[in-house]
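A quick note: this is a predicted structure, and the numbers were derived from the prediction, not measured. Numbering of residues begins at 1 and proceeds along the displayed sequence. Whatever order the structure lists ligands and atoms in, that order sets their numbers, starting from 1.
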Amino acid sequence: MDLGIAGKRALVLGASRGLGKAIAIALASEGARVAVCARHADRLAEVARRVNGVGLVYDLSTEVAAAAAVSDAINQLGGVDILIVNTGGPPATTFESTTEAMWRGAFDGLWMSAVGAIRAALPGMRERRHGRIIVITSIAAKESVSNLMLSNSLRAGLHGLVNALSKEVAADQITVNALMPGFQLTERLVELNVDVSAAATAIPARRIGTAEDFAAVATFLSSAQANYVTGQAICVDGGVMQSI
Ligand code: NAD
């Protein structure tokens, strides 16, 4: 199936590894011109080479930095048609162990960076009357995961942003959706010491997801065929969360 992605300009944030990297590869394989953004120049350069695209080194922990990364991508690609909003997960805490500085840091890194990136990408999308915005959140936004106070709270809030923004821009043929990973085997899970086989037994599909499983859904949401899907939060989790 031709997904209508060939020639579209895509910016994938948080793309030096994991889900962002897999999405960048998937979009490039559909013929998109891809810019990838993350902090680590070496790893990023490798991904940029792999997708035959542009590597943009930015620390996306503020609104200003995220907006600058999008402007850079617009300059280098001539525009951004597909924006994948993604960054690293905040540290694990409980309510009582979360300091004010942690709340503010996570708010800037997870929330305001999304706002900055979307704010910078929207004018061009509106002008062209076409756009795809996909915000990577987490199933923690639907049902809290223990010890992930910052992620549980802020990602649920991002779903409110996706919902409200999708209505504001729908008439300009811009779709805005959230995509929720469940357990996808990335370096992050390894670093968090997740017991993969124990986790798999609690998943109806009886396996941990792959970054490629996740990227395939992001690619569909980026496609021409997904033009009537907006304001949705979709789980890619092997059946852990149910919406019906
Ligand atoms: P990851 O940690 O493997 O990759 C995150 C990417 O974002 C990397 O490229 C990293 O360099 C980049 N990044 C992190 N902080 C950054 C910053 N300040 N500026 C620029 N780039 C930055 O994570 P992942 O597994 O690919 O997950 C992506 C997102 O999805 C994360 O927010 C994660 O918390 C969330 N998530 C993942 C899972 C999962 O199963 N993998 C589950 C739920 C939620």
Side-chain angles (χ1 to χ4, degrees), residues 11-26 35-48 50-51 55-70 72-73 84-93 105-114 116-117 134-156 158-159 178-196 199-200 202-203 205 207-215 217-218 233-238 240-241:
L11 170 60
V12 187
L13 302 176
S16 65
R17 67 180 204 180
L19 304 181
K21 176 180 172 182
I23 294 169
I25 292 169
V36 287
C37 174
R39 287 169 301 186
H40 303 289
D42 293 353
R43 276 203 319 240
L44 191 66
E46 206 182 300
V47 180
R50 171 113 185 245
V51 300
L56 307 172
V57 180
Y58 284 86
D59 181 342
L60 297 165
S61 48
T62 65
E63 178 186 3
V64 172
V70 174
D72 200 348
I84 309 292
V85 178
N86 177 46
T87 187
T93 61
F107 182 71
D108 282 339
L110 214 56
W111 235 93
M112 291 312 297
S113 68
I134 299 168
V135 182
I136 310 304
T137 60
S138 168
I139 57 170
K142 256 179 96 104
E143 195 171 310
S144 65
V145 175
S146 58
N147 296 324
L148 289 186
M149 177 53 66
L150 292 163
S151 185
N152 295 332
S153 310
L154 294 170
R155 296 192 201 267
L158 278 173
H159 286 185
L179 210 47
M180 292 177 271
F183 282 103
Q184 261 77 29
L185 189 54
T186 65
E187 287 160 75
R188 174 174 163 79
L189 284 204
V190 176
E191 284 165 9
L192 288 172
N193 289 321
V194 171
D195 181 339
V196 171
I203 296 172
R207 68 173 180 88
I208 296 287
T210 65
E212 289 71 27
D213 293 332
F214 191 82
V217 184
I234 298 168
C235 295
V236 186
D237 66 353
V240 174
M241 297 285 169

Q. Counting distance only, does the side-chain N/O of Gln184 pair as donor-acceptor with the main-chain N or O of Gly18 below 3.5 Å?
A. no
Q) Can you list the steps and then say if His40 with Arg17 is a side chain to side chain contact (heavy atoms under 4.5 Å, CB included)? A) CA-CA 10 Å; His40 303 289; Arg17 67 180 204 180; over 6 Å; no
**Q.** Polar contact flag for Glu187 and ligand 1 (N/O pairs, less than 3.5 Å)
**A.** no
Q: Would you mind listing which atoms of ligand 1 come within a distance below 4.0 Å of any non-hydrogen atom of Ser138?
A: 43 (C), 44 (C)
Q) So is there a nitrogen or oxygen of Arg17 less than 3.5 Å from a nitrogen or oxygen in ligand 1? A) yes
Q: Over all heavy atoms of both residues, which pair between Leu158 and Ala114 is shortest? Give the atoms and the distance, please.
A: CD2-CB, 4.1 Å
Q) For ligand 1, is there an N or O atom under 3.5 Å from any N or O atom of Leu19? A) yes
Q.
Only heavy atoms of Gly89, strictly under 4.0 Å: list the atoms of ligand 1 that pass.
A. 31 (C), 32 (O), 34 (O)
Q: Please report the shortest heavy-atom distance between Ala65 and Thr62, naming the atom on each side.
A: N-OG1, 3.0 Å
Q: Look only at interatomic distance and state if Leu60 has a nitrogen or oxygen under 3.5 Å from any nitrogen or oxygen of ligand 1.
A: yes
Q | Distance from atom 5 (C) of ligand 1 to nearest protein heavy atom, with residue and atom | A | Gly88 CA, 4.1 Å
Q | Element-labelled atoms of ligand 1 that are located less than 4.0 Å from some non-hydrogen atom of Ser16 | A | 8 (C), 9 (O), 10 (C), 11 (O)
Q: Identify, by atom number and element, the atoms of ligand 1 in contact range of Phe183, meaning under 4.0 Å from any of its heavy atoms.
A: 40 (O)
Q) Looking at Asp59, which atoms of ligand 1 are within less than 4.0 Å of one of its heavy atoms? A) 17 (C), 18 (N), 19 (N)
Q: Quick one: look up the protein heavy atom nearest atom 34 (O) of ligand 1 and list residue, atom name and how far away it is.
A: Arg155 NH2, 2.8 Å
Q. What are the two closest non-hydrogen atoms of Ser151 and Pro90, and how far apart are they?
A. N-CG, 3.8 Å
Q.
The test is side chain to side chain contact (heavy atoms under 4.5 Å, CB included); show your working for Leu44 and Val36 and say whether it passes.
A. CA-CA 7 Å; Leu44 191 66; Val36 287; 3.7 Å; yes
**Q.** Closest approach of any protein heavy atom to atom 24 (P) of ligand 1, naming residue and atom
**A.** Thr186 OG1, 3.8 Å
Q) Nearest heavy-atom pair of Arg155 and Gly89: which atoms, and what distance? A) NH2-CA, 3.6 Å
Q.
Can you name the atoms of ligand 1, numbered from 1 with element, that are less than 4.0 Å from a heavy atom of Tyr58?
A. 19 (N), 20 (C)
Q. Going by the atom numbers of ligand 1, which of them fall below 4.0 Å from some non-hydrogen atom of Arg43?
A. 11 (O)
Q. Using a heavy-atom cut-off of under 4.0 Å, does the side chain or the backbone of Thr87 touch ligand 1, or both, or neither?
A. both
Just distance, no hydrogens or angles: give the donor-acceptor pairs under 3.5 Å from side chains in residues 136-148, sequence neighbours left out.
residue : atom : partner : partner atom : Å
Thr137  : OG1  : His159  : NE2          : 2.8
Ser138  : OG   : Ala140  : N            : 3.0

Q.
Test your reading of the model: is there a side-chain donor-acceptor pair from Asn86 to the backbone of Leu13, 3.5 Å cut-off?
A. yes
Q. For atom 36 (N) of ligand 1, which protein heavy atom lies nearest, and how many Å away is it?
A. Pro181 CG, 3.6 Å
Q) For Asn86, is at least one N or O under 3.5 Å away from an N or O on ligand 1? A) no
Q: Tell me, with the steps shown, if Leu11 and Cys37 meet side chain to side chain contact (heavy atoms under 4.5 Å, CB included).
A: CA-CA 8 Å; Leu11 170 60; Cys37 174; 4.3 Å; yes
Q: Would you mind listing which atoms of ligand 1 come within a distance below 4.0 Å of any non-hydrogen atom of Thr137?
A: 35 (C), 44 (C)
Q. Does Tyr58 OH have over 12 foreign heavy atoms under 6.0 Å away?
A. yes
Q | Closest heavy-atom pair and its distance - Ser16, Val47 | A | O-CG2, 3.6 Å
Q: Answer with side chain, backbone, both or neither: which part of Leu13 has a heavy atom less than 4.0 angstrom from an atom of ligand 1?
A: neither
Q: Just let me know how Ser151 lines up against ligand 1, side chain, backbone, both or neither, with a heavy-atom cut-off below 4.0 Å.
A: neither
Q.
I'd like to know whether CG of Asp195 has more than 12 heavy-atom contacts from other residues, nucleotides or ligands below 6.0 angstrom.
A. yes
Q | Test item: Asp213 side-chain N/O and Thr210 main-chain N/O as donor-acceptor pair under 3.5 Å | A | yes
(Q) With a 4.0 Å cut-off on heavy atoms, is Gly109 in contact with ligand 1? (A) no
Q | atom 40 (O) of ligand 1 - nearest protein heavy atom and its distance | A | Gln184 N, 2.7 Å
**Q.** Closest approach of any protein heavy atom to atom 42 (C) of ligand 1, naming residue and atom
**A.** Gly182 O, 3.1 Å
Q: Specify the protein heavy atom at minimum distance from atom 7 (O) of ligand 1: its residue, its atom name, and the distance to 0.1 Å.
A: Gly14 CA, 3.3 Å
